[in-house]
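The chains referred to below are lettered A, B, ... by the order of the sequence lines, with proteins before strands, and numbering in each begins at 1.
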Amino acid sequence: MGPVRARFAPSPTGYLHIGGVRTALFNWLLVKRHGGQFILRIDDTDSERNKPEALQPILDGFRWLGIHWDEGPEVGGPVGPYFQSQRLEGYKEAAYRLVREGKAYPCLLSPDELKAEREAAEKSKRPYIHRGPGRTLAPDEAMKRVLENKLPVRLKVPEGKKIVLEDLIRGRVEWDADLLGDPVILRGDGRALYNFATVVDDAAMRITHVVRAAEHLSNTAVQLVAFEALGAALPRFAHVPVVNEPNSKKKLSKRDMAKFVTPDIKAKLMSLGHTAEQIAARDDLNPATVAFYKELGYLPEGLVNYLGRLGWSLDDHSEIIPIDQMTSNFSLERVNDSPASFDPDKLYWVAGEYMKSLPVEKKLEGCIPFLKRAGVWGENESPARLEQLRRVIVAAGDRLKLFSDILQYGLPILASQVTIDEKSFAKRVTKEGVPGHLAAFVEKMAALPDFETGTLEEALKAHATEKGFNPALLIHALRVSTTGIEVGAGVYDILSILGKDEAIQRIRVALAKAGQA
RNA sequence: GGCCCUGUCGUCUAGUGGCCUAGGACACAGCCCUUUCAAGGCUGCGACACGGGUUCGAAUCCCGUCAGGGUCACCA
């Protein structure tokens with residue numbers, strides 16, 4: 001395969017949709033695999049709906065994911081402009097040219113007449129296939145009428161022909177041209193319709209591969225007619241299946257994704273400073289958008305891997321496929337025909353796999369912003385404090401799957417105030433005999449020559465043996481009294497990271513609390 | 001409704017006529033490891049939508065049915 005020119009054409013909606021990214025990714029992968037250009041073309045012809053500031057989140061999303069475009073907004077390119085709102089004249093010219101060549105004609109019927117035709121067809125249960133009376137006008141006359149009366153323009157669909165598409169994913173798809181109505185390509189006011197504008201642009205931009213969502217498959221028939229009329233080289237088409245909601249046959253939509261914000265995720269977002277109202281309303285806090293995953297500290301590499309594997313497979317067993325491997329092996333042939341459900345659980349797992357292999361320095365870098373937002377990290381922390389955080393991250397190990405997980409594993413150690421989970425406290429500290437053991441062991445801890453994990457473990461086990469109780473008793477009590485919770489890194493790690501003074505101080509506070517209880 | 005697309009474990013998938021009593025992964029359950037939670041190891045649960053053909057043989061080919069989705073706009 002020669003160089004590929006593929007494009008993704010989002011509308012500036014203010015957010016980057018997860019399903020859209022998946023389609024864009026397939027385009028991008030195809031380009032990376034075969035060489036060529038990935039083009040971003042902004043479909044902003046709907047001026048009421050599109051606001052300029054609504055583009056930025058989309059660009060940000062792609063950049064965060066590492067999906068860079070060779071031509072498009074902010075980078076330019078040889079076949080620009082890359083905003084459809086700036087290409088309006090071209091569509092009009094193209095439509096007029098087709099009228100002059102007798103391949104398109106003015107729509108002579110009023111909206112009411114059109115409506116009546118359609119209703120009559122429906123009533124007699126015949127499919128409505130529009131063939132306008134303007135079809136037979138001589139080109140000169142047709143052009144004159146278009147200009148003088150500001151009439152919409154319709155494309156002539158050829159009669160008695162089969163329209164054939166060799167789709168790279170679907171295979172051969174055929175339509176009977178006689179079952180297709182003549183579509184409007186230009187409104188009365190001179191603005192083009194999507195089906196036409198996209199063809200004009202794909203031709204002008206010399207797109208070789210149109211890789212897009214399956215919902216456009218039916219549109220392809222009239223687009224094929226438009227390409228033919230324009231005399232433009234036909235690109236190859238590949239219609240990728242849509243992404244569905246988790247465990248559902250419904251297309252992934254922003255509106256229905258709120259229910260996938262679990263109480264845990266919600267709590268996390270709230271500790272990052274978002275209110276419940278914001279979580280319910282903001283696009284970037286919605287699981288159908290890319291920004292949501294950035295907000296929660298997913299590694300972009302993980303998201304890309306997950307999305308790339310959604311509907312495409314390398315072989316019968318590969319799940320973690322680094323981007324280089326994906327780009328060098330991607331092929332449209334291995335894209336599935338059927339829709340795929342988005343699975344947040346699997347994405348979480350993939351993200352964790354990537355986090356596992358991330359160097360500690362990078363984890364540090366990624367976690368700090370979250371700690372800052374949670375209010376436990378300042379602008380100029382001391383080297384000692386940084387070292388402490390590093391140790392927290394190392395101790396957390398594989399438990400850290402997302403950067404935001406540092407909130408769960410780091411906060412209890414790093415925060416100056418211990419937040420006690422009462423249930424855990426009652427279960428592990430305020431228990432018969434436990435405060436006594438704890439108090440006794442604190443004295444031993446105070447006398448320890450150092451606070452290394454090995455030293456601590458040895459001391460604790462010796463102490464338990466000496467007093468004749470199960471070390472687990474003290475281990476749990478120590479964990480809860482120093483961090484307030486029952487889960488987390490190894491208790492010796494926690495104590496050691498805290499340091500002798502802080503650890504003992506925390507235990508004394510807990511002891512006082514237990515005494516009062 | 002017409003036309004078009006799709007249909008393998010709950011989910012993502014492997015499978016292109018015999019390697020399939022259908023493989024892997026996520027999730028789930030149990031066990032092991034273990035101070036908790038993760039991680040890891042082992043085991044389990046669990047699918048070819050249905051009905052006809054073709055064939056010595058079908059998840060794979062054909063037809064039909066059913067189900068889901070898309071599209072039929074002077075929306076994108």
Side-chain angles (χ1 to χ4, degrees), chain A residues 9-11 13 43-46 49-50 84 107 111 114-115 118 121-122 125-130 151-154 165 167 169-171 173-176 179-181 183-195 197-198 213-222 239 241-242 244 246-251 306 309-320 334 336-350 352 356 396-401 405 408-409 424 428 457 460-461 470-480 483 485-492:
Chain A
S11 293
T13 49
D43 187 350
D44 56 351
T45 50
D46 189 343
R49 216 158 57 188
N50 299 327
Q84 291 193 310
C107 184
L114 253 14
K115 197 177 160 201
R118 185 176 300 117
E122 255 171 52
K125 303 211 164 169
R126 300 289 313 161
Y128 176 58
I129 298 145
H130 182 84
L151 294 173
V153 174
R154 285 186 187 266
L165 168 70
D167 192 276
I169 293 173
R170 312 272 146 181
V173 181
E174 293 187 358
W175 293 269
D176 184 344
L179 262 22
L180 245 46
V184 172
I185 57 175
L186 203 67
R187 295 179 177 93
D189 63 8
R191 286 154 59 222
L193 270 87
Y194 167 79
N195 266 337
T198 197
E215 57 203 84
H216 291 285
L217 185 57
S218 298
N219 287 331
T220 309
V222 315
H239 287 92
V242 298
N244 284 339
N247 294 304
S248 159
K249 305 249 185 226
K250 276 169 52 192
K251 197 175 123 183
Y306 173 74
R309 260 294 277 111
L310 191 63
W312 172 82
S313 63
L314 174 61
D315 50 36
D316 62 351
H317 65 277
S318 299
E319 300 290 346
I320 302 304
R334 290 194 67 86
N336 248 328
D337 296 18
S338 54
S341 293
F342 179 76
D343 182 355
D345 286 333
K346 186 148 183 180
L347 168 58
Y348 183 66
W349 173 78
V350 174
K356 268 187 202 173
D398 295 343
R399 293 172 186 83
L400 195 79
K401 291 180 161 70
D405 287 337
Q408 186 183 345
Y409 298 108
S424 302
R428 322 249 58 156
E457 180 166 3
L460 189 142
K461 291 201 165 142
N470 190 333
L473 203 65
L474 205 42
I475 285 168
H476 292 302
L478 283 167
R479 176 192 299 285
V480 175
T483 64
I485 54 174
E486 285 187 89
V487 299
V491 76
Y492 306 115

Q. Considering residues at least two apart in sequence or located in another chain, which fulfil the salt bridge (Lys or Arg N to Asp or Glu O under 4.0 Å) criterion with A:Lys346?
A. A:Glu319

Q | Partner set under salt bridge (Lys or Arg N to Asp or Glu O under 4.0 Å) for A:Asp167, not counting sequence neighbours | A |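 Expected list: none.
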
Using nucleotides 24-31 of chain B, report all nitrogen or oxygen pairs with the protein that are shorter than 3.5 Å.
unit_1: B:G24; atom_1: N2; unit_2: A:Glu319; atom_2: OE2; d: 3.0
unit_1: B:A25; atom_1: O4'; unit_2: A:Glu319; atom_2: OE2; d: 3.3
unit_1: B:A25; atom_1: N3; unit_2: A:Lys346; atom_2: NZ; d: 3.4
unit_1: B:C26; atom_1: O2'; unit_2: A:Lys346; atom_2: N; d: 3.3

Q) Side chain of A:Pro111: nearest nucleotide among B:A39, B:A76, B:C74? A) B:C74

Q) Taking the side chain of A:Leu310 as heavy atoms from C-beta outward, which of B:U35, B:C12, B:A73 is closest to it? A)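 Looking only at side-chain atoms, A:Leu310 lies closest to B:C12.
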
Going by purine N1 to pyrimidine N3 plus the second Watson-Crick contact, or the G-U wobble pair, all under 3.5 Å, which nucleotide sits opposite [N]?
N: B:C9; value: none
N: B:C3; value: B:G70
N: B:C28; value: B:G44
N: B:A22; value: none

Q | For A:Tyr194, all residues meeting ring pair (Phe, Tyr, Trp, His ring centres under 6.0 Å), sequence neighbours excluded | A | A:His216

Between the protein and nucleotides 1-8 of chain B, list every N/O to N/O distance that falls short of 3.5 Å.
unit_1: B:C5; atom_1: O2'; unit_2: A:Arg170; atom_2: NH1; d: 2.4
unit_1: B:U6; atom_1: OP1; unit_2: A:Asp337; atom_2: OD2; d: 3.4

If you restrict it to nitrogen or oxygen atoms, what contacts under 3.5 Å exist between nucleotides 60-64 of chain B and the protein, and what is each distance?
none

